[in-house]
Amino acid sequence: MADNGPVLALVGATGAVGTVMIDIINGRESVPWGEIRLIASARSAGKKITVRGEDLTVIALSPEAFDGVDVAMFDVPDEVSAEWAPIAAERGAVAVDNSGAFRMDPEVPLVVPEVNAEAVHNRPRGIISNPNCTTLSMMAGLGALHREYQLTELVVASYQAVSGAGQSGVDRLYAEIAAVAGKAVGEKAGDVRAALEAAGLVQSESPFPAPMAFNVVPWAGSLKEDGWSSEELKVRNESRKILGIPDLKVSATCVRVPVVTTHSMAVHATFAREVTVEQARKLLGAQPSIVLVDDPANGEYPTPAEVVGGDPTYIGRIRQALDFPNTLELFVCGDNLRKGAALNTYEIAEVIVTQA
């Protein structure tokens, strides 16, 4: 710990999520840190980044980089976290990991501060995990409703932005749109593939299994047993762990859509106790990290275009499900790079040092 407060390290400081993390830190009115240390790969070492008015030099990832660190946030690929988060913990830091390396480890808590902040104190391995961005976008709302009405079943259709696949996903969408935009008005939609081929955009080189421009792709993640995708199983397994409902019935369909940033979800949630739309609106509207946008008569509901760049979860289209008792339908939007990744990781770090 530094003389004037705890030491925070950011591993992956020069990456896409790390850049958002620095923006979040710079935007806070105050921070509890006596020192902020930026860590990245050797090729990024030496780079200067301004954090809270101070030009900090990025240092190379090494065991010694964690000496004196109280909390180390990891915004790096799974394999990097799997190797280095335990090293950070061995050097005395609490590792807060944004990758999927430890999410289902029974000795690693999976934390959303609005839902289960107390779990940060039960960390046998010295590691705390941040959920997948799709699961995370629902948790503030579902956690609040579960505390009052006891969630029993959850059916989700996600509409996931291409940035969830990394910068290559964003680049691919822009390239495809540019290739197709020159097509004459009125040409058949099936000509999208022809336009991509004419532009030299080979499908096998895309991070997506089908064209993304002017299309939706009912697939996100890798193939798992019985036709499920890894993203769909994450929604199931992570929801159970975060909410503390090991027998929660969950089914998810994850769809990739031609949106750059912000995941959206159509949520069908069933509860053990009766809940009305009015009760749900009042409860959700009282949550500090939720913004209600729910006036369909005036065309007001959450959309990615309005939500991108924001920290809260946005919820609308709240309805009592037809033919399903004690069940609500919700539409949820959350910026997958901010709350879905960087912000939640940072909020966990603050909980560790402010609620010790």
Side-chain angles (χ1 to χ4, degrees), residues 110-119 131-160 232 235-255 262-307 310-336 339-340 343-344 347:
L110 187 63
V111 175
V112 178
E114 298 99 316
V115 180
N116 62 340
E118 70 285 350
N132 175 267
C133 53
T134 309
T135 308
L136 181 51
S137 295
M138 303 182 293
M139 282 299 110
L142 288 178
L145 290 166
H146 172 60
R147 285 191 293 270
E148 293 292 328
Y149 302 107
Q150 192 178 342
L151 182 67
T152 59
E153 298 178 17
L154 179 63
V155 180
V156 181
S158 69
Y159 308 97
Q160 297 180 212
E232 291 160 350
V235 170
R236 177 177 184 260
N237 297 333
E238 294 179 17
S239 294
R240 288 175 166 183
K241 186 173 181 179
I242 296 164
L243 295 169
I245 318 173
D247 59 349
L248 180 65
K249 296 179 180 179
V250 183
S251 186
T253 299
C254 291
V255 180
T262 294
H263 290 349
S264 304
M265 282 135 283
V267 178
H268 174 100
T270 299
F271 301 89
R273 293 190 284 274
E274 182 179 0
V275 53
T276 66
V277 170
E278 290 73 21
Q279 289 170 327
R281 283 198 181 113
K282 182 177 180 180
L283 177 64
L284 295 173
Q287 306 306 309
S289 62
I290 292 175
V291 174
L292 281 184
V293 186
D294 192 23
D295 187 4
N298 290 303
E300 295 181 2
Y301 22 71
T303 71
E306 280 74 38
V307 168
D311 289 343
T313 297
Y314 293 74
I315 299 178
R317 298 298 319 280
I318 303 174
R319 294 151 286 150
Q320 172 63 51
L322 299 175
D323 305 323
F324 294 90
N326 301 343
T327 301
L328 295 175
E329 308 288 350
L330 316 168
F331 194 75
V332 181
C333 287
D335 186 316
N336 54 299
K339 179 57 176 176
L343 179 60
N344 198 74
E347 288 174 336

Student: In the structure I gave you, are the side-chain heavy atoms of S158 and M265 within less than 4.5 Å of one another anywhere?
Tutor: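 A side-chain contact exists here, since the closest heavy-atom pair is under 4.5 Å.
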Student: So which atom in D294 and which in G316 form the shortest heavy-atom distance, rounded to 0.1 Å?
Tutor: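 Shortest heavy-atom separation between D294 and G316 comes out as OD1-C, 3.7 Å.
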Student: Determine whether a donor-acceptor pair (N or O, by modelled atom type, separation under 3.5 Å) exists between the side chain of N116 and the backbone of L110.
Tutor: yes
Student: Which pair of non-hydrogen atoms, one from V111 and one from A119, has the smallest distance, and what is that distance?
Tutor: CG2-CB, 4.0 Å
Student: Name every donor-acceptor pair, under 3.5 Å, that has one atom in a side chain of residues 142-156 and the other anywhere in the protein, sequence neighbours excluded.
Tutor:
residue, atom, partner, partner atom, Å
H146, ND1, L151, N, 2.9
R147, NH1, E114, O, 3.3
T152, OG1, T270, O, 3.2

Student: Does the side chain of T313 reach to within under 4.5 Å of the side chain of S137, using non-hydrogen atoms?
Tutor: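 They are not in side-chain contact.
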Student: Quick one: are M138 and V235 in side-chain contact, heavy atoms under 4.5 Å?
Tutor: yes
Student: If I take atom CZ from residue R281 and atom CG from residue L330, how far apart are they, to the nearest 0.5 angstrom?
Tutor: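 These two atoms lie 10.5 Å from each other.
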Student: Can you check side-chain contact (heavy atoms from CB on, under 4.5 Å) on S251 and E232, steps first, answer last?
Tutor: CA-CA 8 Å; S251 186; E232 291 160 350; over 6 Å; no
Student: Any side-chain heavy-atom pair from L343 and D335 closer than 4.5 angstrom?
Tutor: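 A side-chain contact is absent here, since even the closest heavy-atom pair is not under 4.5 Å.
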Student: Is there a side-chain contact (heavy atoms from CB on, under 4.5 Å) between Q320 and L328? Walk through the geometry before answering.
Tutor: CA-CA 5 Å; Q320 172 63 51; L328 295 175; 4.3 Å; yes
Student: Before you tell me yes or no, could you show the steps for L136 and E238 under side-chain contact (heavy atoms from CB on, under 4.5 Å), namely the whole-Å CA-CA distance, both residues' side-chain angles and the distance that decides it to 0.1 Å?
Tutor: CA-CA 9 Å; L136 181 51; E238 294 179 17; over 6 Å; no
Student: Could you check whether any side-chain heavy atom of V293 comes within less than 4.5 Å of a side-chain heavy atom of D295, counting everything from C-beta outward?
Tutor: no
Student: With side chains defined as the heavy atoms from C-beta onward, is the minimum distance between S264 and P304 less than 4.5 Å?
Tutor: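 Yes - at least one pair of side-chain heavy atoms lies under 4.5 Å apart.
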Student: Kindly compute the distance separating OH (Y159) from SG (C333), expressed to the nearest 0.5 Å.
Tutor: 11.0 Å
Student: Less than 4.5 Å apart, side chain to side chain, heavy atoms only: is that true for I245 and R240?
Tutor: no
Student: For the atom pair CG (L292) and CG (L284), what is the distance rounded to the nearest 0.5 Å?
Tutor: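 If we round to the nearest 0.5 Å, L292:CG and L284:CG are 6.0 Å apart.
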Student: Once you round to the nearest 0.5 Å, how far does CD of Q160 lie from OG1 of T134?
Tutor: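 That separation rounds to 3.5 Å.
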Student: Given 3.5 Å as the limit, does a donor-acceptor pair link the side chain of Q287 with the main chain of V291, or not?
Tutor: no
Student: Please enumerate all residues that pass salt bridge (Lys or Arg N to Asp or Glu O under 4.0 Å) together with E347, with sequence neighbours excluded.
Tutor: K339
Student: Grab the two heavy atoms, one from S239 and one from L248, that are nearest each other, plus how far apart they are.
Tutor: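 Heavy-atom minimum between the residues: CB-CD2, 4.4 Å.
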Student: How close do N344 and P113 get, counting heavy atoms only, and between which atoms?
Tutor: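 That would be OD1-CD, 3.2 Å.
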